[in-house]
Asks: 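One structure is given below, represented as structure tokens, and several questions about it will come after.
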Amino acid sequence: MLLLGVNIDHVATLRQARYRENPGERRAEPDPVAAALLCEDAGCHGITAHLREDRRHIVDADVRRLRERIRTRLNFEMANTPEIVAFALDLKPAFVCLVPERREEVTTEGGLDVVGGARSLADSCARFRDAGIAVSLFVAPDAAQIEASREVGAQYIELHTGRYAEVFGEPALRDAELDRLAAAARQAHSLGLRVNAGHGLTVDNVPALSAVPHLEELNIGHTLVSRAVFVGLRAAVREMLEAMASYPEAAREGPGPALHSR
Ligand code: PXP
């Protein structure tokens, strides 16, 4: 079964539009933690939140409350900086997903530059591994980046599907991108890495990901919160789970998903 991790950041983005100075105030809405609990009720398998260095949406207190309150598991997205690494080690989420925030950390295709940042990433991966936190690296479907992900000691990669989402309406480009994602997933699997995917995914473009083997989890945010404006968050999550249900079980061919229930 392909799992759904809901990225809850955009709920906090809406709150910050009005309550940037006082997100902890009682009347500050919408509450990303309440939204996360509702997504869990609707059947999602995990919650993802990205504490950015500039705290532009999710703030520290949100992440701590998510860690306390959710019943699935928390995937903590983060930049590989000393401040955020220390926060994550203290938080102890089930997973961390290291993502680029600064231009120099980004490959030409928008994923994390694992090759360029190998030394520092290896150090962080070791610290997380020692703390019992599984590490994922958000990478483009690029052979060198995937090879480096294995070398620095990550257990997972999250394949960046942004380019796939961008070209989805153009069949030749879409098929080429699906081929790249499939090749990347096969390579990662053969190296012993587990494979997630995310960015720009929607109910329209998710079904065709059946062509990409070994996927365990999709992390999806923007479209769910957008769709919630019209049908509500619970229905938006259910629609997405339905769109994901056609993912072939045999395509994963991997170890079972690590459900770090708390
Ligand atoms: N995965 C990662 C690593 C992300 O940073 C994001 C947010 O950009 C997502 C998944 C979710 O992307 P989207 O909001 O486009 O669904």
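Because the structure is predicted, anything quoted here is derived from the model rather than measured. Both ligands and their constituent atoms are indexed starting at 1 by order of listing.
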Asks: Can you give me the closest heavy-atom contact between N196 and E216, atom names plus distance?
Replies: OD1-CB, 3.6 Å
Asks: Consider every N or O of G200 and every N or O of ligand 1, then say whether any pair is closer than 3.5 Å.
Replies: yes
Asks: When the aromatic ring centroids of F95 and F76 are compared, is their separation below 6.0 Å?
Replies: no
Asks: Could you check whether any heavy atom of E77 sits closer than 4.0 Å to an atom of ligand 1, since that is the contact criterion I want to use?
Replies: yes
Asks: In terms of side-chain geometry, is the basic nitrogen of R55 or E83 positioned less than 4.0 Å from the acidic oxygen of its partner?
Replies: yes
Asks: To the nearest 0.1 Å, how far is atom 8 (O) of ligand 1 from its closest protein heavy atom, and which atom is that?
Replies: H199 ND1, 3.1 Å
Asks: Can you name the atoms of ligand 1, numbered from 1 with element, that are less than 4.0 Å from a heavy atom of H222?
Replies: 13 (P), 14 (O), 16 (O)
Asks: To the nearest 0.5 Å, what is the distance between CD1 on I8 and CD1 on I47?
Replies: 5.0 Å
Asks: For T223, is the nearest heavy atom under 4.0 Å from an atom of ligand 1?
Replies: no
Asks: Say whether N219, considering both its backbone and side-chain N or O atoms, lies within less than 3.5 Å of an N or O atom on ligand 1.
Replies: no
Asks: Heavy-atom contacts with V99 under 4.0 Å: which atoms of ligand 1 show up? List them by number with element.
Replies: 3 (C)
Asks: Can you tell me how far the CG atom of D179 sits from the OH atom of Y164, to the nearest 0.5 Å?
Replies: 11.5 Å
Asks: Between E68 and R65, does any NZ, NE, NH1 or NH2 come within less than 4.0 Å of an OD or OE carboxylate oxygen?
Replies: no
Asks: Once rounded to the nearest 0.5 Å, what's the spacing between atom CG of L66 and atom CG of N75?
Replies: 11.5 Å
Asks: Is G221 close to ligand 1, meaning an N/O of one under 3.5 Å from an N/O of the other?
Replies: yes
Asks: Let me know which of E158, H50, E77 forms a side chain to side chain donor-acceptor pair (under 3.5 Å) with N219.
Replies: E158
Asks: Judging by distance only, is a nitrogen or oxygen of E158 under 3.5 angstrom from one on ligand 1?
Replies: yes
Asks: Which ligand 1 atoms does I220 reach within 4.0 Å, using its non-hydrogen atoms?
Replies: 16 (O)
Asks: Would H160 count as a contact of ligand 1 if the rule is a heavy atom under 4.0 Å away?
Replies: no
Asks: Among all protein heavy atoms in this structure, tell me which lies nearest to atom 9 (C) of ligand 1, with the distance rounded to 0.1 Å.
Replies: N7 ND2, 3.9 Å
